[in-house]
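Encoded as structure tokens, the structure appears first; notes follow it.
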Amino acid sequence: MLFKQFVMLASCALALTLSATSVSAADQTYVVGAGGTYRPFEFETPTKELVGFDIDIIKAIANASGFKIKLVSTPWEGIFATLGQGDRDIIISGITITEKRAKMVDFSLPYFPAEQVIIAGADNKVAALADLKTLQVGVVNSTAGDIVISEEIGKSSTAIHRFDNTPLMLEELYRGGIDAAIGDVGVIKFYIKSHPEKQFKVVNDAKFTRQYFGIAVKKGNSELQGKINAGLKKIVADGTYAKIYQEWFDLNVPALPL
């Protein structure tokens, strides 16, 4: 009789433990660091709320994988260190996956194809990088676009107009001060979507190397990495990813290498 009571008590204790573990797992909240200055991927509203494509994506992934998140605006400088220090569990901030960074953090599967593209007026005959040789072209100083156009027409060419940031470059394009510009595909597509009154087009070129953005977790955190990957696959499969992409950019939803 005593043995049976002991077994029953042990079973009850185990059940309570499993129940508590289940509740704990369901209530687990991961702290997500995101920059607040890279429109349209992550930026702050006047009330300091983080919004953007990246924010919508990580929210959708968390919902699909059944975990909660807490968003914290995190400056780009030092954002990787926050993972090692344990201040952030996840960082998503338009982070290009590179071999160097992959030695410091573990990346999710790619969630956004990032490359340079050309933006020009819809009536402009630009169809490739080579067509820019006779035009006035804007780039952000020292970026990949600057490097590519410098190789194409010469670094000291007076046809290259270098700007401190993308908004200044696009404003000059809008006003007609330059004929075309080169910039990040996501930023360019968002700009075009935000200015329907001005007809622009996007031009790709094989010389623009395709890279991908990834979501980063602390090195060795394969459990969280797996949750993020599973959630990303789910939102791609059920159409959530496409819906978010179209809201921020255009109808040309990219195929991700999942």
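Any value given below was found using the heavy atoms of this structure, including those in side chains, with hydrogens, waters and symmetry copies removed.
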Show me, pair by pair, the donor-acceptor contacts under 3.5 angstrom made by side chains of residues 45-54, not counting sequence neighbours?
residue	atom	partner	partner atom	Å
Thr45	OG1	Thr47	N	3.3
Thr45	OG1	Thr47	OG1	2.9
Thr45	OG1	Glu49	N	3.1
Asp54	OD1	Tyr111	OH	2.9
Asp54	OD2	Gly94	N	2.9
Asp54	OD2	Tyr111	OH	3.1

Pairs of donor and acceptor atoms involving the side chains of residues 169-184, under 3.5 Å and at least two apart or interchain, shall be tabulated with distances.
residue	atom	partner	partner atom	Å
Glu172	OE1	Arg175	NH2	2.7
Tyr174	OH	Glu197	OE2	2.8
Asp179	OD2	Gln136	N	2.8
Asp184	OD1	Gln116	NE2	2.5
Asp184	OD2	Tyr38	OH	3.0

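Every side chain to side chain contact (heavy atoms under 4.5 Å, CB included) that Lys133 has, sequence neighbours left out, goes to Glu152, Ile153. Take Lys189 and apply the side-chain hydrogen bond (donor to acceptor under 3.5 Å, both in side chains) test, not counting sequence neighbours, and it matches Tyr245, Asp250. Arg101 pairs by the salt bridge (Lys or Arg N to Asp or Glu O under 4.0 Å) definition with nothing, not counting sequence neighbours. Under the rule for a side-chain hydrogen bond (donor to acceptor under 3.5 Å, both in side chains), Thr96 has no partner lying at least two apart in sequence or in another chain. By the side-chain hydrogen bond (donor to acceptor under 3.5 Å, both in side chains) test, Asp238 is found to be paired with Thr240, residues two or more places apart in sequence or in another chain being considered. Thr74 pairs by the side-chain hydrogen bond (donor to acceptor under 3.5 Å, both in side chains) definition with Arg88, not counting sequence neighbours.
With hydrophobic clusters built from ILVMFWY side chains whose heavy atoms lie under 4.5 angstrom apart, Leu232 does not share a cluster with Phe107. Taking hydrophobic clusters as Ile, Leu, Val, Met, Phe, Trp and Tyr residues chained together by side-chain heavy-atom distances below 4.5 Å, Ile228 does not share a cluster with Ile95. If you chain together hydrophobic residues whose side chains sit under 4.5 Å apart, Val217 and Ile55 fall into the same group. With hydrophobic clusters built from ILVMFWY side chains whose heavy atoms lie under 4.5 angstrom apart, Ile215 shares a cluster with Val32. Both Leu256 and Ile244 are part of a single hydrophobic cluster, where members link through side-chain heavy atoms under 4.5 Å apart.
In this structure, CD1 in Ile90 is found 9.5 Å from OG in Ser108, a value given to the nearest 0.5 Å. With rounding to the nearest 0.5 angstrom, the OG1 atom of Thr82 is 9.5 Å from the CG atom of Asp89. Rounded to the nearest 0.5 Å, atoms NZ (Lys218) and CG (Leu224) are 12.0 Å apart. To the nearest 0.5 Å, atom CZ of residue Phe249 and atom CD1 of residue Ile192 are 11.5 Å apart. The CG atom of Leu71 sits 8.5 Å away from atom CD1 of Ile58, with the distance rounded to the nearest 0.5 Å. Atom CD1 of Ile57 and atom NZ of Lys59 lie 12.0 Å apart (nearest 0.5 Å).
Judged by distance alone, with hydrogens and angles left aside, the side-chain atoms of Asn229 form a donor-acceptor pair with the main-chain N or O of Leu109 at under 3.5 Å. For the pair Ser65 (side chain) and Ala230 (backbone), a donor-acceptor distance under 3.5 Å is absent.
Among pairs with a residue in residues 209-231, those fulfilling ring-ring contact (aromatic ring centres under 6.0 Å, His included) read Phe41-Phe213, Phe112-Phe213, at least two apart in sequence or across chains. Applying the ring-ring contact (aromatic ring centres under 6.0 Å, His included) test to every pair with at least one member in residues 122-171, sequence neighbours left out, gives no pairs at all. Under the ring-ring contact (aromatic ring centres under 6.0 Å, His included) criterion, the residue pairs touching residues 73-105 are Trp76-Phe80, with sequence neighbours excluded.
Salt bridge annotation for Asp131-Lys125: absent, with no cationic side-chain nitrogen under 4.0 angstrom from a carboxylate oxygen.
Pairing each heavy atom of Gly33 with each of Ile79, the nearest pair is O-CD1, 4.3 Å. Residues Val126 and Leu135 approach most closely at CG2-CD1, 3.3 Å, considering heavy atoms. In plain terms, the two heavy atoms of Asp205 and Ala128 that are nearest each other are OD2-CB, 3.5 Å. Across Ile235 and Ala64, no two heavy atoms sit closer than the pair CG2-CB, 3.9 Å. The shortest heavy-atom contact between Pro110 and Pro257 is CG-CG, 3.9 Å.
Residue Ile147 is found outside any hydrophobic cluster, as its side-chain heavy atoms come under 4.5 Å of no other Ile, Leu, Val, Met, Phe, Trp or Tyr.
Looking at Ile188 and Val202, their side chains come closer than 4.5 Å, going by heavy atoms from C-beta outward. A 4.5 Å side-chain heavy-atom check between Ile160 and Ser150 finds at least one atom pair inside the cut-off. Contact of the Pro113 side chain with the Val185 side chain is not registered, since no non-hydrogen atoms from C-beta on lie closer than 4.5 Å. With a 4.5 Å cut-off on side-chain heavy atoms, Ile118 and Leu129 count as touching.
Taking the six-membered ring where tryptophan is involved, the planes of Trp248 and Phe190 are tilted, since the angle between them lies from 30° to 60°.
Annotation for Lys219: atom NZ counts as buried by contact number, over 12 foreign heavy atoms lying within 6.0 Å. Environment of CD in Glu223: sparse, with no more than 12 heavy atoms of neighbouring residues, nucleotides or ligands closer than 6.0 Å. Atom CG of Asp164 is surrounded by 12 or fewer heavy atoms from other residues, nucleotides or ligands within 6.0 Å. Taking a 6.0 Å sphere around NZ of Lys70, one finds it holds 12 or fewer heavy atoms contributed by other residues, nucleotides or ligands.
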Please assess Met104 against Leu83 for the test side-chain contact (heavy atoms from CB on, under 4.5 Å), listing each intermediate value before the final yes or no. CA-CA 10 Å; Met104 300 186 298; Leu83 288 178; over 6 Å; no
Give the intermediate values and the outcome of side-chain contact (heavy atoms from CB on, under 4.5 Å) for residues Gln199 and Asp123. CA-CA 8 Å; Gln199 296 298 305; Asp123 57 350; over 6 Å; no
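Checking Arg39 against Thr166 by side-chain atom types alone, no donor-acceptor pair falls below 3.5 Å.
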